[in-house]
Amino acid sequence: MTHVLVLGGTAEARSLAALLVAKGVPLTSSLAGRVSRPRLPAGPVRIGGFGGADGLAQWLREHDVTAVVDATHPFATTMGAHAAQACSSLGLPLLRLARPGWSDHPDAAAWTWVDSHVAAREAVDELGGTPFVTTGRQTLHHHVDAWRHRAALVRLVEPPEEPLPAAWTVLRSRGPFAVADEEALMREHGVGVLLTKDSGGRYTEAKLDAARRLGVPVVVVARPPRAPGVAEAADAAAAAAWITALGALRP
């Protein structure tokens, strides 16, 4: 019997789950469990890790999974690597569902693109001014020591994993955001440079347009490389079509 595993936690994963449920395709969505109140997709959901590539392969065998869609965040490289290893070992088809990045944004050529969070910090130091950090709580350890006495605006969905410097202003908020609100926020806190990562999508894109309006320079951490040889889809409809082509939809 057909059973699709969707490695989720993103808006694209939720959209795909809704499409598959509507078409009657058996699936399980898996969430990492790092968010306290996640937005749950349609259909059955499991929460928590698998125990590496071997644990994932065992779960796939035990649950008779016939196809896997990796719809995790573009920066969730560990899960992506585990999915590639597990599916390769079992001969299962694997699709990477990832929203397009911001490299085609009209302002992308004017941004400073870097390959690591350390390089991002160095670029921000060179530009100067109060940084607006939107790279997520798991990246903050790259900046804590260097910016312990520097004013910074940090926006997080979840609370920080460790105490942050007293000089930082921490906001708890989840997108989508409006351009006017982002512009007002940057003005209020005197933001001199925006530090973000190439997450892509529309949920958090408004900050980029606000930065342009205010003349605030942008530093972007580029997406890390993914496992080679994995088929890719840019949206849920394309992913559903891939599943259909595998014969997952039965009369």
Side-chain angles (χ1 to χ4, degrees), residues 7-13 31-38 49 70-82 98-103 105 108 111-177 182 185-186 189 191-208 210-211 216-227:
L7 301 172
T10 60
E12 292 74 26
L31 306 182
R34 293 175 179 168
V35 178
S36 57
R37 291 184 296 172
D70 174 13
T72 56
H73 191 277
F75 283 77
T77 54
T78 298
M79 189 67 253
H82 290 171
R99 71 189 76 134
W102 287 322
S103 59
H105 189 281
W111 302 335
T112 300
W113 290 82
V114 296
D115 292 328
S116 72
H117 293 284
V118 172
R121 187 186 69 239
E122 294 171 348
V124 169
D125 287 342
E126 185 174 342
L127 289 166
T130 298
F132 179 18
V133 184
T134 64
T135 52
R137 63 174 179 168
Q138 295 181 43
T139 69
L140 297 181
H141 66 278
H142 295 288
H143 314 307
V144 167
D145 290 338
W147 292 350
R148 186 166 298 279
H149 302 292
R150 178 180 186 171
L153 176 64
V154 179
R155 183 162 64 198
L156 304 173
V157 174
E158 292 291 306
E161 297 175 334
E162 298 180 359
L164 299 179
W168 293 11
T169 299
V170 180
L171 304 177
R172 292 277 311 282
S173 185
R174 185 198 300 263
F177 303 103
E182 295 287 70
L185 179 66
M186 292 187 195
H189 293 274
V191 170
V193 56
L194 171 63
L195 171 55
T196 190
K197 59 186 180 184
D198 188 19
S199 299
R202 301 291 300 175
Y203 264 55
T204 60
E205 187 179 31
K207 63 192 172 190
L208 301 171
V216 171
V218 179
V219 176
V220 185
V221 179
R223 292 185 176 187
R226 307 293 299 205

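Contact check for W102 versus T196: side-chain heavy atoms found under the 4.5 Å cut-off. Put simply, the side chain of V218 does not reach to within 4.5 Å of the side chain of V216, judged on heavy atoms. Counting heavy atoms from C-beta outward, P165 and H149 have side chains that stay 4.5 Å or more apart. For the pair L127 and V219, the minimum side-chain heavy-atom distance is below 4.5 Å. Within the 4.5 Å cutoff, the side chain of Q138 has heavy atoms near those of the E161 side chain. A 4.5 Å side-chain heavy-atom check between E182 and E205 finds every atom pair outside the cut-off. Considering only heavy atoms from C-beta on, V154 stays 4.5 Å or farther from T169 through its side chain. The shortest side-chain heavy-atom distance between F132 and H189 does not fall under the 4.5 Å cut-off.
The CG atom of D125 sits 6.0 Å away from the CH2 atom of W147 when rounded to the nearest 0.5 Å. Atom NE2 of H73 is separated from atom NZ of K197 by 5.0 Å, given to the nearest 0.5 angstrom. Note that OG1 of T72 is 10.5 Å distant from CD of E12, once rounded to the nearest 0.5 Å. Atom OG1 of T10 and atom CG of L31 lie 9.5 Å apart (nearest 0.5 Å).
Ring-plane geometry between H117 and H142 is classed as parallel, the angle between the planes falling under 30 degrees on a 0 to 90 degree scale with a further cut at 60. A tilted orientation is assigned to the rings of W113 and W111, their planes being inclined by 30° to 60°.
Closest approach of S103 to A108, counting heavy atoms only: O-CB, 3.3 Å. Minimum interatomic distance between G80 and D70 (heavy atoms only, all atoms of both residues): CA-OD2, 3.4 Å. Between V124 and P131, the shortest heavy-atom distance links the atoms CG1-CB, 3.8 Å. Heavy atoms only, all atoms of each residue included: A210 and M186 are closest at CB-CE, 4.1 Å. In terms of heavy atoms, T130 sits closest to A152 at CG2-CA, 4.0 Å. The shortest non-hydrogen separation linking S116 to V221 is O-CG2, 4.1 Å.
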L153 and V133: CA distance, side-chain angles, deciding distance, side-chain contact (heavy atoms from CB on, under 4.5 Å) verdict
CA-CA 6 Å; L153 176 64; V133 184; over 6 Å; no
What's the verdict on side-chain contact (heavy atoms from CB on, under 4.5 Å) for V114 and V220, showing C-alpha distance, side-chain angles and the deciding distance?
CA-CA 6 Å; V114 296; V220 185; over 6 Å; no
Could you walk me through whether D115 and R223 pass side-chain contact (heavy atoms from CB on, under 4.5 Å), step by step?
CA-CA 8 Å; D115 292 328; R223 292 185 176 187; over 6 Å; no
Pair L195-T135, side-chain contact (heavy atoms from CB on, under 4.5 Å): steps then yes or no:
CA-CA 7 Å; L195 171 55; T135 52; 4.1 Å; yes
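The 12-atom threshold is not exceeded at CZ of R202, counting heavy atoms of other residues, nucleotides or ligands nearer than 6.0 Å.
A salt bridge does not link R99 with D198: none of the charged nitrogens is closer than 4.0 Å to a carboxylate oxygen.
Checking each of T134, L156, L185 against L171 for a side chain to side chain contact (heavy atoms under 4.5 Å, CB included) leaves exactly one that passes, namely L185.
Legend: residues meeting side-chain contact (heavy atoms from CB on, under 4.5 Å) with E122, ordered by chain and number and at least two apart, are V118.
Within the 3.5 Å criterion, the main-chain N or O of P74 finds a donor-acceptor partner in the side chain of R226.
At least one cation-pi condition fails for K207 and F177: the charged atom is not both under 6.0 angstrom from the six-membered ring centre and inside a 45 degree cone around its axis.
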